[in-house]
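A short worksheet on the structure shown next.
Residue numbers start at 1 and run along the sequence shown. Ligands are counted one by one from 1 in listed order, and the atoms in each one are counted from 1 as well.
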Amino acid sequence: MSKQPIGLFDSGVGGTSIWKEIHNLLPNENTIYLADSKNAPYGLKGKDAILQLSIKNTEYLISEHCKLIVVACNTATTNAIDYLRTHYKIPFIGIEPAIKPAALHTKNNAIGILATKGTLSSALFSKTSTLFAKDIQVIETVGEGIVDLIEMGKLDSSEMRDLLKIYLKPMIAANIDYLVLGCTHYPYLMPTLVDLLPNHVKIIDSGEAVARQTKAVLEEQNLINTEFTHPKHKFYSNGNPKIMSELLGKHFDAKFLDF
Ligand code: DGL
């Protein structure tokens, strides 16, 4: 069982930012990554549609004998992980916007959250936000259009920069000192965000924490791969695999698969 791959899925290429953290921390693990780019963005879909897509991705990964599934998508996690955990036996790791550390550490009592509409309107997000951030100002912004541009390979485009300027403006006006990235596509925007934000603003994403949690669950359930072979990594996109290959860098290649 421990030799079986870790499965990951996202609405598209963004979850590769999580895959990189997991590969970094657990370099001996085999992995399968599904980019459901054909159905991206998930963020503008209703809860039921997000749930059905998450079930489809999960069942494919289970059919590939994955030992654990990382829902490498905030939108799918906040809308579907409870259902997945109840209906499937294997362990699931999810990702949610890291409101808690931002709310605990803010000195200006103002934080920004950039995420999809599906995440910000979810019951899970509102529960976490009420629990940790009810006494501070939270500027929640839907990053509409960002995922679409990344999926089109327009990460470093003037359209992207213009869009980010619009989304960051109210946050800068509110003098935030933390920006929480609530979508796994957004870590790829880091250089542009650093450039556009005042120096004192810290940017938080949950990728590393997800990797640590994945390792902890594998250890706890005796699922760490202890065989020292060359791990295999499969990257599948039902959109344009070239865009995913570019984000993965020169050592890895994505293939088209209509899962
Ligand atoms: N990477 C997904 C997330 O973390 C993007 C969602 C979307 O497709 O809108 O939320």
Side-chain angles (χ1 to χ4, degrees), residues 7-22 33-58 61 69-84 92-99 112-126 128-129 140-155 160 163-164 167 179-190 193 203-211 213-214 235-240 243-244 247-248 254 259:
L8 299 95
F9 75 83
D10 179 34
S11 63
V13 296
T16 53
S17 65
I18 305 299
W19 178 86
K20 287 177 186 176
E21 299 286 356
I22 289 177
Y33 180 99
L34 299 181
D36 196 11
S37 297
K38 186 170 79 176
N39 295 302
Y42 281 11
L44 292 175
K45 298 186 193 305
K47 187 178 166 72
D48 202 49
I50 298 167
L51 181 60
Q52 293 312 319
L53 292 167
S54 301
I55 291 172
K56 164 187 75 80
N57 300 333
T58 296
L61 292 171
I69 291 178
V70 179
V71 182
C73 175
N74 291 259
T75 313
T77 299
T78 50
N79 286 279
I81 204 158
D82 289 346
Y83 179 94
L84 299 176
F92 286 89
I93 307 291
I95 179 161
E96 284 180 66
I99 315 174
I113 305 200
L114 192 60
T116 68
K117 186 165 173 250
T119 295
L120 294 176
S121 61
S122 68
L124 191 57
F125 177 80
S126 92
T128 319
S129 185
E140 292 175 16
T141 302
V142 174
E144 200 171 330
I146 298 177
V147 167
D148 307 69
L149 285 176
I150 296 175
E151 290 293 322
M152 283 189 271
K154 292 185 173 181
L155 180 61
M160 182 67 88
L163 211 52
L164 289 177
Y167 295 153
L179 170 64
V180 177
L181 303 185
C183 170
T184 55
H185 283 69
Y186 300 171
Y188 287 113
L189 303 169
M190 204 60 106
L193 290 170
I203 304 172
I204 306 194
D205 90 85
S206 330
E208 227 185 291
V210 170
Q213 177 67 4
T214 304
F235 298 97
Y236 295 128
S237 163
N238 54 17
N240 181 351
I243 289 164
M244 178 150 63
L247 289 177
L248 287 168
F259 55 86

Measuring from non-hydrogen atoms of Gly15 to any atom of ligand 1, is the shortest distance under 4.0 Å? no

His185 N/O under 3.5 Å from ligand 1 N/O: yes

Holding to side-chain contact (heavy atoms from CB on, under 4.5 Å), I want the full list of residues that pass it with Ala40, two or more places apart in sequence or in another chain. Ser11, Glu151

For atom 9 (O) of ligand 1, grab the closest protein heavy atom and report residue, atom and distance to one decimal in Å. Gly43 N, 2.7 Å

Report the part of Thr116 in contact with ligand 1, treating N, CA, C, O as backbone and CB onward as side chain, heavy atoms under 4.0 Å; options are side chain, backbone, both, neither. side chain

Working to the nearest 0.5 Å, report the span between OG of Ser237 and CG of Asp10. 11.0 Å

For Cys73 against Tyr42, the heavy-atom pair lying closest together: SG-CD2, 4.3 Å

Heavy atoms only, cut-off 4.0 Å: how does Ser11 contact ligand 1, side chain, backbone, both, or neither? side chain

heavy-atom search around atom 6 (C) of ligand 1 in the protein gives Thr75 OG1, 3.3 Å

Would you say the side-chain atoms of Thr78 pair up with the backbone N or O of Leu124, donor to acceptor, closer than 3.5 Å? no

Tell me whether Cys183 reaches ligand 1 (any heavy atom closer than 4.0 angstrom to a ligand atom). yes

Show the atoms of ligand 1 that are less than 4.0 angstrom away from any heavy atom in Pro41. 7 (C), 8 (O), 9 (O)

Atom indices of ligand 1, in the order listed, that fall short of 4.0 Å to a heavy atom of Asp10: 1 (N), 2 (C)

Looking only at protein heavy atoms, which one is nearest to atom 7 (C) of ligand 1, and what is the separation? Tyr42 N, 3.2 Å

